[in-house]
Amino acid sequence: MPRTTTVESSGCPPLRALTFDVLGLIKVVEARGGQNGDAAKVVERWGEPDASKCVLSASILDRESHPLIGIARKSGSVEIISAINGDLQVQIPDLCQPEDDSIVGVHLLQKHKSDSSSRSCALLASTTKGHVRMESVKLGETPAKSVRDPSPTVWNVCGSGNILCSKVSEDENHALFGGKGVEVNIWDLHKREKIWTAKSPPKDNLGIFTPTWFTCATFLSKDDNRKFVAGTNSHQVRLYDISAQRRPVISIDFRETAIKAVSEDNDGNTIYVGNGSGDLATFDIRTGKLLGCFIGKCAGSIRAIARHPELPVIASCGLDSYLRIWDVQSRQLLSAVYLKQHLTSVVFDSHFRIEAPAPQVETAVEEDCAEATPVKRKKEHRGTRKAKSKSSKRSKREED
Amino acid sequence: MKDLLPSAIKNKEKRSEVHAKLKHQKKLEKKKKAKVREAAEKQALELGEEPPARPIPRTIENTRELDETVCKPDDEELFAGNDADEFSCILKEERTPKVLITTSRFHSSRGPAFIDELISVIPNAHYHKRGTYDLKKIVEYANNKDFTSIIVVHTNRREPDALLVIGLPSGPTAHFKLSKLVLRKDIKNHGNPTNHQPELVFNNFTTRLGHRIGRLIQSLFPQDPNFRGRRVVTFHNQRDFIFFRHHRYIFETKESKEPQSKGKGKKEEAKTQEKVITRLQECGPRFTLKLISLQHGTFDTKGGEYEWTHKPEMDTSRRRFFL
């Protein structure tokens with residue numbers, strides 16, 4: 001019997017997310033939060049639709065002043081834009097030939113090299129053929145005034161096969177690469193040498209060897225670079241521990257289609273997994289136990305999952321053109337925004353504050369109390385209480 | 001007693017009696033209502049007023065759940081997306097469509113007959129024996145031979161039951177359930193199609209997914225219909241079922257004679273009055289498709305990514321449609 005009543009959700013907290021799609025558009029989605037359950041909606045669109053500018057990968061340098069976004073385009077160029085207004089800061093053309101090679105991952109590094117001023121940043125881009133390029137950029141007022149490092153460091157991480165995923169650790173000392181025919185390997189970014197390679201799991205009991213094909217990977221926790229999780233094309237999620245062994249510590253099968261996105265939680269032992277047929281689930285990776293699935297009308301492959309650094313919220317997007325925002329604890333859908341194109345990536349801007357927040361929140365809380373106390377209906381009560389606690393938390397944070 | 005529902009009565013005889021009575025009453029009421037409405041209409045006509053608007057019956061289609069993915073005619077992102085998609089080079093007539101038709105591993109009886117008719121419907125379609133080849137190998141072969149699409153007719157128990165449409169070289173793969181297949185020879189008074197290029201009619205492909213499916217099907221046919229052939233192929237979408245029909249039409253001019261009794265002064269007029277009537281003849285086959293999944297890229301069951309798959313949790317409402 002299908003559930004016909006809708007579960008009351010506590011509404012979407014105020015947040016700001018940026019999505020990237022196959023036509024090269026960047027859309028800014030903002031949720032205003034508030035008690036009346038304001039749904040998230042598109043507030044800005046940057047760029048003109050052009051299929052050759054399809055975004056392949058994106059990363060955000062999430063900081064208080066001058067947040068930046070690095071975007072890898074299908075044409076082989078990398079752009080750095082401002083996350084506030086979408087102004088182009090630097091364009092690095094022709095990182096690779098679009099005919100035979102494409103960029104798979106771009107990462108903006110913050111603490112790299114001694115100068116950590118907000119006017120410069122470092123960029124790590126890797127391509128399908130395994131060319132990794134790291135260069136630092138000094139940002140000027142206009143794109144023309146920006147200065148690129150004349151001698152970028154370029155090296156190769158694989159001889160054969162295709163790189164499909166790359167990830168940089170939180171402290172920006174290590175990076176991992178993996179792909180089709182490439183076992184996951186970890187590189188030291190300072191010395192530029194490979195420090196660890198995984199070993200493929202043994203043949204199964206029928207003597208069948210599944211070829212190596214990693215589709216996504218992520219480091220498990222912020223301060224520990226030794227553990228990471230990788231998803232494979234043969235619908236397996238594997239936990240590797242560098243300090244323990246070269247084969248996976250835990251390997252979990254999830255549904256029947258390839259794992260397409262893996263994301264870690266802030267607590268360092270929960271992961272979120274999305275696959276090619278639009279199933280999104282959360283696992284406790286210490287035990288390999290499925291904690292639950294995120295059930296919604298999610299019909300298309302999930303390409304990216306992003307965890308909000310502070311709020312208990314994740315965002316998922318993919319080929320069904322919807323950006324969906326989920327609550328982590330209740331696994332309820334908080335908001336879904338239709339963005340018309342196949343989406344390739346999503347990032348959160350965690351320093352988003354709604355304008356003139358303090359007085360608004362105060363009045364909202366008061367109103368809420370007045371509303372909640374006389375009427376003691378069961379369902380509403382629960383919803384408002386949750387929202388209230390959240391809003392008070394928010395006001396506290398802003399006082400800090 | 002009057003408020004008692006017939007279903008609450010335990011005695012069957014009594015229950016059916018009460019039920020029949022209730023039904024009769026309802027019928028009378030309905031007749032009365034119709035009479036009143038007719039009278040009002042007649043009166044309005046006599047007075048030269050606008051007749052009262054007829055109430056629109058509530059159907060499942062017009063009470064459909066609100067869907068934000070319905071394409072809007074002024075959406076520039078939609079047009080940019082169309083220009084960039086896999087079918088645009090065929091739909092802009094830069095490439096002529098060439099279709100490879102093959103079957104599942106085992107097929108017999110109605111399968112081959114259906115394929116014969118598909119070949120007569122789709123111009124430039126070629127049947128290749130399936131043999132024991134993998135579908136991925138066939139996709140590779142078709143890519144080398146410059147085919148633009150592959151159709152795989154899947155047969156189960158000697159009855160075609162699924163259709164797989166693969167766009168080439170990188171296009172999506174649509175998996176349809178096929179039902180209600182009626183072949184040409186089973187259609188009464190059927191016609192035989194000529195080999196002119198058919199006109200296409202697509203109805204109700206409104207959402208973004210529907211739009212994409214429509215374009216996928218459209219790319220099987222050449223885009224320059226030969227109107228002399230008077231052949232039309234229809235894909236009609238209703239409640240997510242796509243109905244396929246294939247017709248020949250003809251416009252006939254008939255001289256209709258006015259009846260003589262209506263005054264002799266009009267006789268000259270009556271002779272010159274010509275009426276164009278349209279006649280349709282079905283050519284077959286006739287079948288219904290229902291989308292099961294749309295896969296990104298060519299056929300790949302293991303590592304494939306789906307743009308849309310049907311999931312049981314989507315079936316929570318009768319008024320929700322995806323195409």
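Chain letters run A, B, ... following the sequence lines, proteins first and then strands; every chain starts at 1.
- The contact between A/Glu256 and chain B is made entirely by backbone atoms, counting heavy-atom distances below 4.5 Å.
- The aromatic rings of B/Phe322 and B/Trp308 sit tilted relative to each other, their planes meeting at an angle between 30° and 60°.
- When each of B/Leu164, B/Thr103, B/Ile166, B/Ile122 is paired with B/Ile151, the side-chain contact (heavy atoms from CB on, under 4.5 Å) condition holds for B/Ile122 and for no other.
- Residue A/His342 touches chain B through its side chain alone, counting heavy-atom pairs closer than 4.5 Å.
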(Q) Run B/Glu77 and A/Leu25 through side chain to side chain contact (heavy atoms under 4.5 Å, CB included) and show every step you take. (A) CA-CA 9 Å; B/Glu77 285 176 35; A/Leu25 301 175; 3.6 Å; yes
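- The residues B/Glu307 and A/Arg303 are annotated as not salt-bridged, no charged nitrogen and carboxylate oxygen being separated by less than 4.0 angstrom.
- For the set B/Glu313, B/Met314, B/Lys311, the entry with the most heavy-atom pairs within less than 4.5 Å of chain A is B/Lys311.
- Of the two parts of A/Lys340, the backbone and the side chain both hold a non-hydrogen atom closer than 4.5 Å to a non-hydrogen atom of chain B.
- B/Lys302 touches chain A through its backbone: at least one of N, CA, C or O sits under 4.5 Å from a heavy atom, while the side chain does not.
- The aromatic rings of A/Tyr322 and A/Tyr338 sit tilted, their planes meeting at an angle between 30° and 60°.
- Taking chain B as the reference chain and counting heavy-atom pairs below 4.5 Å, the highest number among A/Ser321, A/Cys54, A/Ser277 is found for A/Ser277.
- The closest side-chain donor-acceptor pair between B/Glu86 and B/Ser170, if any, does not fall under 3.5 angstrom.
- Proximity to chain A (any heavy atom under 4.5 Å) is restricted, for B/Asp75, to the side chain, taken from C-beta onward.
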